[in-house]
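Comments concern the structure below.
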Amino acid sequence: MTVTIGRRELLAALGGAAAAWPIAPRAQQSSMPVIGFLNSETPIGFAPQAAAFRQGVSEAGYVEGENVAIVYRWADNQVGRLPELAAELVRLEVAVFATTGGVAPALAAKATTTTIPIVFMVGEDPVNLGLVASLARPNGNLTGINFFNSELVAKRLELLRELVPAATRVAVLVNPANATSTETTVRDVELAARTIGLQIQVLNASTSREIDAAFAALAREWPDALLVATDTLFTTRRVQMSLQAMRHAIPATYSAREVVEAGGLMSYGSNLTDALRQAGAYTGRILKGAKPADLPVVQASKFELVINAETARMLGLTVPPTLLATADEVIE
């Protein structure tokens, strides 16, 4: 699903944090419900997804500025700020939380309130994360969307092998600060690698500087390909990731199409824009009176394979016809 960002939507995303304080009191005075939008990233980097969220909210009959207010809080990739930002939204007496941009915002909101409904969007199992009691019956004040990108590691490795059939050694880049995702990724990729006869080398990066250091290590080790774990940091630093992969001439696969749009080679994962639309629709249902405990966690069902054909040519790769035929989008 492709969402076009107009001037109004972009200004809303960019101006959310600054405008939140004056908007909320006006909204409360007029009995307009307020959505607290808590995100770990930046308004510019998340603008298309924020627009998709508003689209989902509108599908439930709510239009920002008309019959609902949205208060935006952006952590600007500093997850340590999330508890403070969540507390601000609680003080504003928002009607519902919408947490996006990874697991950290959901955990921060959960730790801040047990009464305000929370709609999350996470790539790991929300039961294992302690967010809900079960997928079918959350049994608390949280529910949301599970887009399963972390569980798709084996499929991404298989697609990478198909694109680079001569590969025998694959590096895996993970963010150790995201312990749950890292554990799942390493476990799944090692199992999948043994099945298809690949050797795995795990590299860590939790900051922009460490991403550069990881690629410098790749230049010394010369693996045949790279699999990048699902992580908000890597998606946010997508231009850096794609430039470094090109600089070191290493074929890399990602979970988010946004990296491929920025010049990355290939991605396979859930359509995050559509997942944000679903999260918006769930948020709208709660505004209408639905209880999170009665709303099962939605399993994302829309997955997409995106290939950047120009990047493949620059890396000297020939994309097999079978991959081209199955790709949801080929960027020329």
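What you see is a predicted model, and the numbers here were worked out from it, not measured in a lab.
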* To do: Identify whether the distance between the nearest side-chain nitrogen and carboxylate oxygen of Glu258 and Arg238 falls below 4.0 Å.
  => no
* To do: Please confirm whether the backbone N or O of Leu323 pairs with a side-chain atom of Thr326, one donor and one acceptor, at under 3.5 Å?
  => yes
* **Under 3.5 Å: donor-acceptor pair, side chain of Asn141, backbone of Ile116** => yes
* To do: Could you tell me whether Asp274 and Arg277 have a side-chain N and a carboxylate O separated by less than 4.0 Å?
  => yes
* **Test item: side-chain donor near acceptor, Thr168 and Asp224, under 3.5 Å** => yes
* Side-chain donor or acceptor of Arg156 paired with backbone N/O of Val228 under 3.5 Å -> yes
* Judged by atom type as modelled, is there a donor-acceptor pair below 3.5 Å linking the side chain of Thr113 to the main-chain atoms of Ala109? -> no
* Asked: Got a donor-acceptor contact below 3.5 angstrom from the Asn146 side chain to the Val298 backbone?
  -> no
* Using a strict cut-off of less than 4.0 Å between a Lys/Arg side-chain nitrogen and an Asp/Glu carboxylate oxygen, indicate whether Arg257 and Glu329 qualify as a salt bridge. => yes
* Asked: What pairs with Arg313 under side chain to side chain donor-acceptor pair (under 3.5 Å), at least two apart in sequence or on another chain?
  -> Glu332
* **CD (Glu310) with more than 12 external heavy atoms under 6.0 Å** => no
* Asked: Closest approach of Tyr62 and Lys288, non-hydrogen atoms and distance?
  -> OH-CG, 3.5 Å
* To do: For Gln244 and Asp212, run side-chain hydrogen bond (donor to acceptor under 3.5 Å, both in side chains): C-alpha distance rounded to whole Å, both residues' side-chain angles, the deciding distance at 0.1 Å, then the answer.
  => CA-CA 7 Å; Gln244 284 283 19; Asp212 288 339; 2.6 Å; yes
* The single option from Asn175, Asp231, Asn178 passing side-chain hydrogen bond (donor to acceptor under 3.5 Å, both in side chains) against Ser206 -> Asn175
* Please identify each residue that fulfils side chain to side chain donor-acceptor pair (under 3.5 Å) with Arg161, with sequence neighbours left out. => none
* Nearest heavy-atom neighbours spanning Gly140 and Pro292 -> O-CB, 3.9 Å
* To do: Give the C-alpha distance, both sets of side-chain angles, the deciding distance and a yes or no for side-chain hydrogen bond (donor to acceptor under 3.5 Å, both in side chains) between Thr184 and Glu124.
  => CA-CA 8 Å; Thr184 302; Glu124 290 85 30; over 6 Å; no
* Establish, from distance only, whether the side-chain atoms of Glu210 and Asn204 form a donor-acceptor pair under 3.5 Å. => no
* Structure fact -> Correct closest heavy-atom pair for Glu304 and Asp328 would be CA-OD2, 3.1 Å
* Structure fact -> All heavy atoms of Leu152 vs all of Ser270, minimum pair found to be CD1-N, 4.2 Å
* Determine, for Glu158 against Lys155, whether the closest basic-nitrogen to carboxylate-oxygen distance falls under 4.0 angstrom. => yes
* To do: Sequence neighbours left out, what passes ring-ring contact (aromatic ring centres under 6.0 Å, His included) with Phe53? Give chain and number order.
  => Phe37
* Answer yes if Leu315 and Met266 sit in the same cluster of Ile, Leu, Val, Met, Phe, Trp and Tyr residues linked by side chain heavy atoms under 4.5 Å apart, and no otherwise. => yes
* Minimal non-hydrogen separation, Ala136 against Pro296, with atom names -> O-CB, 3.5 Å
* To do: Any chance you could measure Asn39, atom CG, to Phe46, atom CZ, to the nearest 0.5 Å?
  => 4.5 Å
* Structure fact -> Between Ser40 and Thr232, the two heavy atoms sitting closest are OG-CG2, 3.7 Å
* Given the rule in the side-chain hydrogen bond (donor to acceptor under 3.5 Å, both in side chains) test, do Gln49 and Thr100 qualify, once you have shown the distances and angles that lead to the verdict? -> CA-CA 9 Å; Gln49 291 85 356; Thr100 60; over 6 Å; no
* Would you say Thr182's side chain and Ala179's backbone share a donor-acceptor pair under 3.5 angstrom? -> no
